[in-house]
Amino acid sequence: MKRIVYREWRIAPQRFWSLLGILAAVIGVGALAFGYMEHQGHWVTGMNNSVVWGAPHVFAVFLIISASGALNIASIGTVFRKPIYKPLSRLSGLLAVALLMGGLLVLVTDLGRPERLIVAMTTYNFSSIFAWNIFLYTGFMVIVIAYLWSMADRQGEPFNRPIALVALVWRLALTTGTGSIFGFLVARQAYDAAILGPMFVAMSFAYGLAVFMLVLIFSFEDEGRPIGPRMMRRLRNLLALFVSVVLYFTLTYHLTNLYMAKHDGLEHWLLFNGGIYTFLFWVGWVLIGGLLPLWILYHPHLNQQRHWIVAACAMVIVGGFATLYVVIIGSQAFPMPMFPGQTILESGFFDGVNGESAAYWPTIPELLLGLGGVAVALLITTVGVRVLQFLPESLADDVVAPDEETMHDQPFAKPA
Amino acid sequence: MGKATEMNDKHTRSEAESGALKASAIDGGRRGFIGVAAGVTAAMVAPGVILHAVAAAPRSQPVTSDVRWGLLIDTTKCVDGCSACVEACGRENGLDLQVKSEDESEARWDHQKSVWIRKVKLQDNQTGRVTNLPMMCQHCEHPPCVDVCPTGASFKRADGIVMVDRHLCIGCRYCMMACPYKARSFIHQGTSGQLTRAPRGKGCVESCNLCVHRRDNGEESTACVDACVAEGHEAIVFGDLKDPASPISRKLNEIPSRQIREDLVLNTGVRYSGV
């Protein structure tokens, strides 16, 4: 194992500036979409009084939980002392901050009164998980920045592990808190489940790692820095593990619901009759976000090829968006169980007449706002790796630390 | 134009007169003037104050928890096809003043406009019995909307009314996610021509507040209750749930009633009989 050397991302200036230009343009369009929604009011979105949180929330929650998951790599290196992950810690921290920033911006710009953000910062109701999240999010940002400092500055070295520990606990709390935004809602059948907390943690691990791997592979290949097969094997196995855990939680969540007679209607709707939500559940969540990437990542030949691993990461991300669309929007679209045992024949406010689900289709401004958030996260990352030493020069097999699992094999492998 | 000139003339004249007054007898004149002015003012203002006090006593003390306002809905009296309560609420709270944006489709407007009270028609899956009832904010004792509001904009008054402080509401809609009765509406469009008693703000959430302006003016009843009485149905009773002698308490004591989503144990202020 050699000393890890970190270097700024040194791609050609034209390429760097065009990348920056594209991201800035997407952010600009997102800002215009925000201005339009803010000026006109939310009637220009597909959101309504039945589906009150829409596409912007899908983007925001995806980015926020991915932020927490992206930090996983750093935690594994520092807290769990796996030296092979050490060189990736800095990028892991940077991505965590960048993704969180992007997600929060989308969340905040979708508020009905974004200019009153100062009210949210100064007036708290501590029985609200939302109020707690304001502290969890800002605290996360501060802790990760301190963590990055402890990694980069020699004086910070003694604080590295304690800060990493705090960051680990904090981000678990953050993702549990984000899941609990939904898990604590007794009103809607699809929420109101404590399992949403840990399920969001599992999803954050998978999505965060998928984003991390894409950024890592793209930045390394673009500049010609090597990533060795050992590092790739580690990362792809880890991704496969996280994807399996998400599938496990998905199975548990639905089996539990299916066991309870009162949730039969919801499950029947979501699994068979829910239109776009049924499609997104089976095709997006289970197939593209789960089974297909697992197949690729465990396939003896495909998992040796980098473009297949990239495809698996992209699938996890696409599947992640589908998952959150079903979790956030599908759960609102299903009618609330106000009158169990009764069918609603008529309603002046769309209470699920004859079991009909609520209508929602995202509009262009909503999607542009969400994409703007993604671009913010990528812009911060791009500038970060360009101007500061976040990326290790090489992740080739002879540079990264040896696998702990095989380190001690040699003496025992010898014939007696 | 002529009138304005006349007024200007009068104004100039009175100024000239007062100047002369000052010049001649300063003390006596001023005292006399103040005396007359005070008398005239008292004569002008007093009847207004007394009239106001007679018509309704505006609340001058903080709201107390000695009362808890609530509604009892007798669904057996609620008539299929009647929407008098919904229309009355619209007029009382300015919901009928909401304007659809030009480019907005009717279908989307129906999903996006603010609704405080709606009629629901139900059929029992087993027996086929049909029930009609109005749904609105249920004014829970333990309101989930208040629990989840990050800024405390969603609050419960001491007298049990659950409402939104529109100065604190940031429009996050978490309360709408949490409400088990779908009672809340988000203002999706700009507003104009508002009523003083029921201000409305783009980007804020609102819901039935049991005609809180009437409570604060010491008036009886709510707009929906009055409309139902006027129609001769008397399906909704308003009153103080804490006063055993109030009509609502007597009726609750008399007929069987229940809360919607009793399983959540929110102790709603709105009760239904015949559901």
Side-chain angles (χ1 to χ4, degrees), chain A residues 38-53 107-108 110-117 119-120 122-125 127-134 181-182 184-188 191 332 335-351 353 358-360, chain B residues 83 86 100-101 103-104 107-115 117-126 130-132 135 144 146-154 167-174 176-182 184-190 201-205 260-261 264 275:
Chain A
E38 211 277 330
H39 180 73
Q40 292 283 329
H42 272 59
W43 74 266
V44 297
T45 72
M47 290 179 266
N48 51 56
N49 287 322
S50 305
V51 176
V52 300
W53 286 354
L107 205 62
V108 163
D110 178 71
L111 291 175
R113 306 297 298 235
E115 83 281 8
R116 287 191 189 160
L117 194 62
V119 175
T122 49
T123 321
Y124 292 105
N125 164 30
S127 66
S128 167
I129 196 95
F130 239 34
W132 283 97
N133 278 345
I134 294 170
I181 288 177
F182 305 98
F184 282 12
L185 293 178
V186 292
R188 295 167 198 264
Y191 302 141
Q332 297 174 74
M336 278 198 272
M338 266 180 284
F339 304 99
Q342 313 241 20
T343 302
I344 295 175
L345 300 178
E346 288 168 24
S347 163
F349 203 39
F350 309 97
D351 289 291
V353 177
Y360 171 79
Chain B
S83 57
V86 179
K100 179 177 84 70
S101 301
D103 308 332
E104 195 177 9
R108 189 188 277 186
W109 169 240
D110 283 343
H111 280 87
Q112 288 183 329
K113 70 181 175 194
S114 178
V115 173
I117 179 172
R118 70 219 191 238
K119 283 290 298 283
V120 180
K121 187 176 176 180
L122 309 165
Q123 183 167 38
D124 193 297
N125 293 343
Q126 306 293 328
V130 173
T131 314
N132 284 282
M135 276 295 288
V146 173
D147 279 347
V148 301
C149 177
T151 63
S154 191
H167 297 288
L168 280 181
C169 178
I170 57 171
C172 74
R173 284 106 78 201
Y174 198 16
M176 299 175 74
M177 294 285 281
C179 174
Y181 307 103
K182 215 176 155 222
R184 295 207 152 179
S185 289
F186 180 69
I187 302 304
H188 288 80
Q189 65 287 321
K202 181 177 84 174
C204 288
V205 174
I260 308 286
R261 291 225 62 183
L264 299 176
V275 187

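Letters A, B, ... are given to chains in the order of the sequence lines, protein chains preceding strands, and every chain is numbered from 1.
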Participant: Sort out for me which of A/Asn133, A/Thr122, A/Val119, A/Leu107 touches chain B most, counting heavy-atom pairs under 4.5 Å.
Facilitator: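 That would be A/Val119.
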Participant: Checking A/Met338 against chain B: side chain, backbone, both or neither under 4.5 Å from a heavy atom?
Facilitator: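 A/Met338 touches chain B through backbone and side-chain heavy atoms alike.
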Participant: Of the backbone (N, CA, C, O) and the side chain (C-beta and beyond), which part of B/Asn132 lies under 4.5 Å from a heavy atom of chain A, both, or neither?
Facilitator: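 For B/Asn132, no heavy atom lies under 4.5 Å from chain A.
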Participant: Calculate, to the nearest 0.5 Å, the distance between atoms CG and CG belonging to B/Asp110 and A/Asn49 respectively.
Facilitator: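 So the CG of B/Asp110 and the CG of A/Asn49 are separated by 11.0 Å.
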Participant: So for A/Val353, is it side chain, backbone, both, or neither that comes closer than 4.5 Å to the heavy atoms of chain B?
Facilitator: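 Neither part.
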Participant: Which atoms of B/Arg108 come close to chain A, meaning under 4.5 Å heavy atom to heavy atom: side chain ones, backbone ones, both, or neither?
Facilitator: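 Only the side chain of B/Arg108 comes within 4.5 Å of chain A.
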Participant: Do A/Trp53 side-chain atoms and B/Cys172 backbone N/O form a donor-acceptor pair below 3.5 Å?
Facilitator: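 Side chain of A/Trp53 to backbone of B/Cys172: a pair is present.
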Participant: Heavy-atom pairs under 4.5 Å with chain A: which of B/Gly201, B/Ser83, B/Cys169, B/Ser114 has the most?
Facilitator: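 If we count pairs closer than 4.5 Å to chain A, B/Cys169 comes out on top.
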Participant: Tell me which of these, A/Pro340, A/Ala359, A/Gly341, A/Ser128, has more heavy-atom pairs under 4.5 Å with chain B than the rest.
Facilitator: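 Option with the greatest count: A/Ser128.
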Participant: Measure the CZ-OG1 distance between A/Arg113 and B/Thr151 for me, rounded to the nearest 0.5 Å.
Facilitator: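 If we round to the nearest 0.5 Å, A/Arg113:CZ and B/Thr151:OG1 are 12.5 Å apart.
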Participant: I'd like to know which of B/Arg184, B/Lys100, B/Met176 tops the heavy-atom pair count under 4.5 Å against chain A.
Facilitator: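 Among B/Arg184, B/Lys100, B/Met176, the one with the most close pairs to chain A is B/Met176.
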Participant: Would you mind reporting whether A/Ile129 and B/Tyr174 have side-chain heavy atoms less than 4.5 Å apart?
Facilitator: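 SC-SC contact between B/Tyr174 and A/Ile129 confirmed.
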Participant: What distance do B/Gln123 atom CD and A/Thr343 atom OG1 have between them, rounded to the nearest 0.5 Å?
Facilitator: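 One finds 6.5 Å between CD of B/Gln123 and OG1 of A/Thr343.
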Participant: With only heavy atoms counted, which part of A/Gln40 is less than 4.5 Å from chain B, the side chain, the backbone, both or neither?
Facilitator: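 Backbone only.
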Participant: Looking at A/Tyr360, I'd like to know if its OH atom is crowded, meaning that more than 12 non-hydrogen atoms belonging to other residues, nucleotides or ligands lie closer than 6.0 Å.
Facilitator: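 Count over threshold, so yes.
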Participant: Are A/Met47 and B/Gln112 side-chain neighbours, meaning at least one heavy-atom pair lies under 4.5 Å?
Facilitator: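 Counting from C-beta outward, A/Met47 and B/Gln112 never come under 4.5 Å.
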Participant: Taking all atoms of both residues into account, what is the closest heavy-atom pair of A/Phe130 and B/Val148, and its distance?
Facilitator: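 Looking at all heavy atoms of both residues, the shortest contact is CB-O, 4.3 Å.
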Participant: Looking only at heavy atoms, which two atoms of A/Arg116 and B/Cys204 are closest? And how far apart?
Facilitator: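 Looking at all heavy atoms of both residues, the closest pair is NH1-SG, 3.7 Å.
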Participant: Just wondering, do B/Asp147 and A/Phe184 contact through their side chains at under 4.5 Å, heavy atoms?
Facilitator: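 A/Phe184 vs B/Asp147: side chains apart.
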Participant: Any side-chain donor-acceptor pair under 3.5 Å between B/Lys182 and A/Ser50?
Facilitator: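 Yes, side-chain donor-acceptor contact under 3.5 Å.
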Participant: Measure up the A/His42 and B/His188 rings against each other and bin them: parallel (under 30°), tilted (30 to 60°), perpendicular (over 60°).
Facilitator: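 The rings of A/His42 and B/His188 stand perpendicular, inter-plane angle above 60°.
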Participant: Could you give the distance from SG (B/Cys149) to OH (A/Tyr124), rounded to the nearest 0.5 Å?
Facilitator: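 With rounding to 0.5 Å, SG (B/Cys149) is 13.0 Å from OH (A/Tyr124).
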Participant: Can you tell which part of B/Leu264 gets under 4.5 Å to a heavy atom of chain A, answering side chain, backbone, both or neither?
Facilitator: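 Answer is side chain: those atoms of B/Leu264 sit under 4.5 Å from chain A.
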Participant: How about CH2 on A/Trp132, more than 12 heavy atoms from neighbouring residues, nucleotides or ligands closer than 6.0 Å, or not?
Facilitator: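 For A/Trp132, atom CH2 is not crowded (no more than 12 foreign heavy atoms under 6.0 Å).
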Participant: Which value, rounded to the nearest 0.5 Å, describes the distance between A/Gln342 atom CD and B/Gln126 atom CD?
Facilitator: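 Reported to 0.5 Å precision, the distance equals 10.0 Å.
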Participant: At a heavy-atom separation under 4.5 Å, does A/Phe339 approach chain B through its side chain, its backbone, both, or neither?
Facilitator: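 Looking at A/Phe339, just its side chain touches chain B.
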Participant: If you count heavy-atom pairs within less than 4.5 Å of chain B, which of A/Ile181, A/Val186, A/Ile134 leads?
Facilitator: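 Sorted descending by pairs with chain B, the first entry is A/Ile181.
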Participant: For the CD1 atom of B/Ile170 and the CD atom of A/Glu115, what is their distance to the nearest 0.5 Å?
Facilitator: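 Here the rounded value is 10.5 Å.
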Participant: Backbone N or O of B/Val120 within a donor-acceptor pair of the A/Asp351 side chain at under 3.5 Å?
Facilitator: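 Checking the backbone N and O of B/Val120 against the side chain of A/Asp351, no donor-acceptor pair under 3.5 Å is found.
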Participant: With chain A, which of B/Lys113, B/Met135, B/His167 has the greatest number of heavy-atom pairs at distances under 4.5 Å?
Facilitator: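 Most heavy-atom pairs within the cutoff with chain A belong to B/His167.
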Participant: When only pairs under 4.5 Å are counted, which of B/Arg118, B/Met177, B/Arg261 shares the most heavy-atom pairs with chain A?
Facilitator: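 Looking at each of B/Arg118, B/Met177, B/Arg261 in turn, B/Met177 comes out on top.
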Participant: I'd like to verify something: which residue of A/Ala358, A/Gly46, A/Pro337 has the highest number of heavy-atom pairs under 4.5 Å with chain B?
Facilitator: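 So the answer, after comparing A/Ala358, A/Gly46, A/Pro337, is A/Pro337.
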Participant: Where is the tightest heavy-atom contact between A/Ala187 and B/Ala178, given as atom of each residue plus distance?
Facilitator: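 Nearest pair, atom of A/Ala187 first, then B/Ala178: CB-O, 3.1 Å.
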Participant: Just by distance, do the side chain of B/Lys119 and the backbone of A/Glu346 share a donor-acceptor pair under 3.5 Å?
Facilitator: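 Checked: no pair found.
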Participant: What do the steps show when you test B/Val130 against A/Leu345 for side chain to side chain contact (heavy atoms under 4.5 Å, CB included), and what is the final call?
Facilitator: CA-CA 9 Å; B/Val130 173; A/Leu345 300 178; 4.3 Å; yes
Participant: Any chance you could lay out the side chain to side chain contact (heavy atoms under 4.5 Å, CB included) test for B/Ile117 and A/Phe349, step after step, and finish with the verdict?
Facilitator: CA-CA 9 Å; B/Ile117 179 172; A/Phe349 203 39; over 6 Å; no
Participant: Could you tell me whether a side-chain N or O of A/Arg188 sits under 3.5 Å from a main-chain N or O of B/Cys179, the two making a donor and an acceptor?
Facilitator: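 No: the side chain of A/Arg188 does not pair with the backbone of B/Cys179.
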